[in-house]
Protein chains: 2
Amino acid sequence: MKDFTSTPPPVKHIAEPTVRRLSGYLRFLEAFDVEGHETISSGELARAGGTTSAQVRKDLSFFGSFGKRGLGYAVKDLIASLREILGLDTRWPVVIVGAGKIGAALAQYRGFGTHGFDVVGIYDTDPSRVGTRLNGVTVRADRDLEGDIATLTPRIAVLCVPGEAAQAALDRVVGAGIRAVLNFAPTSLVAPEGVTVRAVNMATELEVLAYALTNESRD
Amino acid sequence: MKDFTSTPPPVKHIAEPTVRRLSGYLRFLEAFDVEGHETISSGELARAGGTTSAQVRKDLSFFGSFGKRGLGYAVKDLIASLREILGLDTRWPVVIVGAGKIGAALAQYRGFGTHGFDVVGIYDTDPSRVGTRLNGVTVRADRDLEGDIATLTPRIAVLCVPGEAAQAALDRVVGAGIRAVLNFAPTSLVAPEGVTVRAVNMATELEVLAYALTNESRD
DNA sequence: AGTTGTGAAACGTTTCACAGCT
DNA sequence: AGCTGTGAAACGTTTCACAACT
């Protein structure tokens, strides 16, 4: 049972590009804080995030007034506010499906933990991978997936399976109650309403670059 | 009244989200083609790409009339047109900077080659990695980077170095003439005008999911 | 009958510009 | 003097709706 007497929940809808920018501001601010800076102006944040000062102020003012006119924003306070806005004031348990090269590389990625995400399970169909340890987590058989989701209650699944297996993997984690999925398989997936799927697709990123190169010569 | 007597070169600007969708259509069409389908309607493409039929038609009609009314689009023709639009009718040489877990995983990713991208060089500072082979390409010392870019003339660099080293790596490849960069390091980079940098950032993707989960319960 | 291609409307995001604090 | 917060304008993208075509 939750108690909201102290902190009323924000009920605003933010567009995805905004969320991405906020995430970028947060990452820069964390480094800026370590360097010992106490305040930052919208202009400085804009330069770091590749946007404009007006955009930064619009993005932040959407959630309230965090800055001091004439001074800028208090770095530590802004970090705390952004963490709360992005839902990073709790830790998020995550399962990784697929312990191949990408799955294994991700499992060993430090940033997972430092950004509030805990890998609570890694699954693979290949018996030779089951039982191996990756960064302190033992790879389990894929048949354990549904049971583990029920007991460990991760909210996010990261799919690192081959393209052919991705839709089936998605269906399984969704069936087990997961509603947020990060897909590293190079296939576009169909998910039911209410399930958020984000795709990280090498081919698409490279194609965006190829397009940029093809058309840069003009202008 | 427009004058079409002398056709000026087509200088269309496409927004990035459009390029991403086109890339997605292409990927789906390739699979659809393999399944033996000869035509596809905008509605079918929309379902696969997670968008609407009107959007699909707008996206495609931007470049000309590819469809047949009452019938749909010829799958093979549309694949060819999309490849041309995206600049995938040539092959793109690519260098990978950093042969750690992510760099190595990417180097072995098959989709690179099948989508028109050739890995022509992989570089690392760690002597124990230099000389090892990844998918037919030998890892070379990072000091060879500039010389190799000059001789092999890759147009795209993929950065898979640690965050602290990413800006320096970017500066080096840009200095050597690269103008399109895919950054896997978890840092936001500053690039000069005319250089396109795309970032693939696990933390950001997870934060977008965390935000979605935090705010889904309402509405 | 079915589906494309496309102006026009609706919608959303970004930029501008300046009032209002510190 | 400096920088934020924000209404209003500008801009861009998506959706609508229907004429045109096979």
Side-chain angles (χ1 to χ4, degrees), chain A residues 10 12-25 28-29 32 37-79 81-82 85 208 211 215 219, chain B residues 1-2 4 10-25 28-29 32 37-79 81-82 85 208 211 215 219:
Chain A
K12 308 241 178 172
H13 171 259
I14 330 176
E16 203 204 290
T18 311
V19 179
R20 302 184 86 82
R21 284 195 304 269
L22 293 175
S23 168
Y25 303 154
F28 178 77
L29 285 165
F32 206 63
H37 297 86
E38 299 203 342
T39 60
I40 190 168
S41 71
S42 56
E44 290 170 288
L45 249 183
R47 237 164 290 127
T51 176
T52 65
S53 63
Q55 177 86 263
V56 170
R57 292 199 301 278
K58 259 275 146 76
D59 286 346
L60 298 178
S61 72
F62 197 76
F63 303 97
S65 294
F66 300 119
K68 283 215 167 20
R69 292 167 198 230
L71 268 173
Y73 300 86
V75 174
K76 281 194 194 302
D77 291 358
L78 191 50
I79 289 174
S81 302
L82 285 173
I85 290 163
V208 171
Y211 176 79
N215 291 69
D219 352 92
Chain B
M1 176 67 78
K2 273 194 181 166
F4 290 113
V11 192
K12 308 244 179 168
H13 168 74
I14 331 175
E16 203 203 287
T18 312
V19 178
R20 302 184 86 83
R21 285 195 302 271
L22 293 175
S23 168
Y25 302 155
F28 179 77
L29 285 165
F32 206 63
H37 297 87
E38 300 202 340
T39 60
I40 190 167
S41 71
S42 56
E44 290 171 286
L45 250 183
R47 236 164 290 129
T51 175
T52 66
S53 63
Q55 178 89 74
V56 169
R57 293 199 301 278
K58 258 276 147 76
D59 286 346
L60 297 178
S61 72
F62 196 77
F63 304 96
S65 292
F66 300 120
K68 282 213 169 23
R69 291 167 198 236
L71 267 172
Y73 300 85
V75 173
K76 281 192 196 302
D77 291 357
L78 190 50
I79 288 173
S81 302
L82 285 174
I85 291 163
V208 172
Y211 176 79
N215 291 69
D219 342 277

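Proteins come first, then strands; the chains are lettered A, B, ... in the order of their sequence lines, and each starts at number 1. All values reported here derive from a predicted model rather than from experimental measurement.
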Evaluate the side-chain proximity of B:Leu22 to B:Phe63: yes if any heavy-atom separation is below 4.5 Å, no if none is. yes
Could you identify which residues of residues 68-78 of chain B place a heavy atom less than 4.0 Å from some atom of DNA chain C, listed by residue number, or say none? B:Lys68, B:Arg69, B:Gly70, B:Leu71, B:Gly72, B:Tyr73
For the pair made of CG in B:Asp59 and P in C:dT4, what is the distance, rounded to whole Å? 13 Å
Nearest heavy atoms of A:Ile85 and B:Tyr211, plus distance in Å: O-CD1, 3.5 Å
Along DNA chain D, 5' to 3', what are the outermost nucleotides having an atom less than 4.0 Å from a heavy atom of chain A? D:dG2 to D:dA8
Do A:Phe32 and A:Leu45 have side chains that approach each other closer than 4.5 Å (heavy atoms only, starting at C-beta)? no
Verify the contact: side-chain N or O of B:Ser42 to OP1 or OP2 of C:dT4, cut-off strictly under 4.0 Å; return yes or no. yes
Would one find a side-chain N or O of B:Ser65 under 4.0 angstrom from OP1 or OP2 of C:dG5? yes
Kindly determine whether B:Thr18 and B:Phe62 satisfy side-chain contact (heavy atoms from CB on, under 4.5 Å), including the steps that lead there. CA-CA 10 Å; B:Thr18 312; B:Phe62 196 77; over 6 Å; no
Contact class for A:Thr52 vs. all strands (heavy atom < 4.0 Å): base, sugar-phosphate, or nothing? sugar-phosphate
Please confirm whether the backbone N or O of A:Val19 pairs with a side-chain atom of A:Ser23, one donor and one acceptor, at under 3.5 Å? no
Sequence neighbours excluded - salt bridge (Lys or Arg N to Asp or Glu O under 4.0 Å) pairs with any residue from residues 38-64 of chain B: B:Arg21-B:Asp59
Given side chains that start at C-beta, do those of B:Tyr25 and B:Val56 come closer than 4.5 Å, heavy atoms only? yes
Close side-chain approach of B:Asn215 to A:Ile14, heavy-atom, < 4.5 Å: no
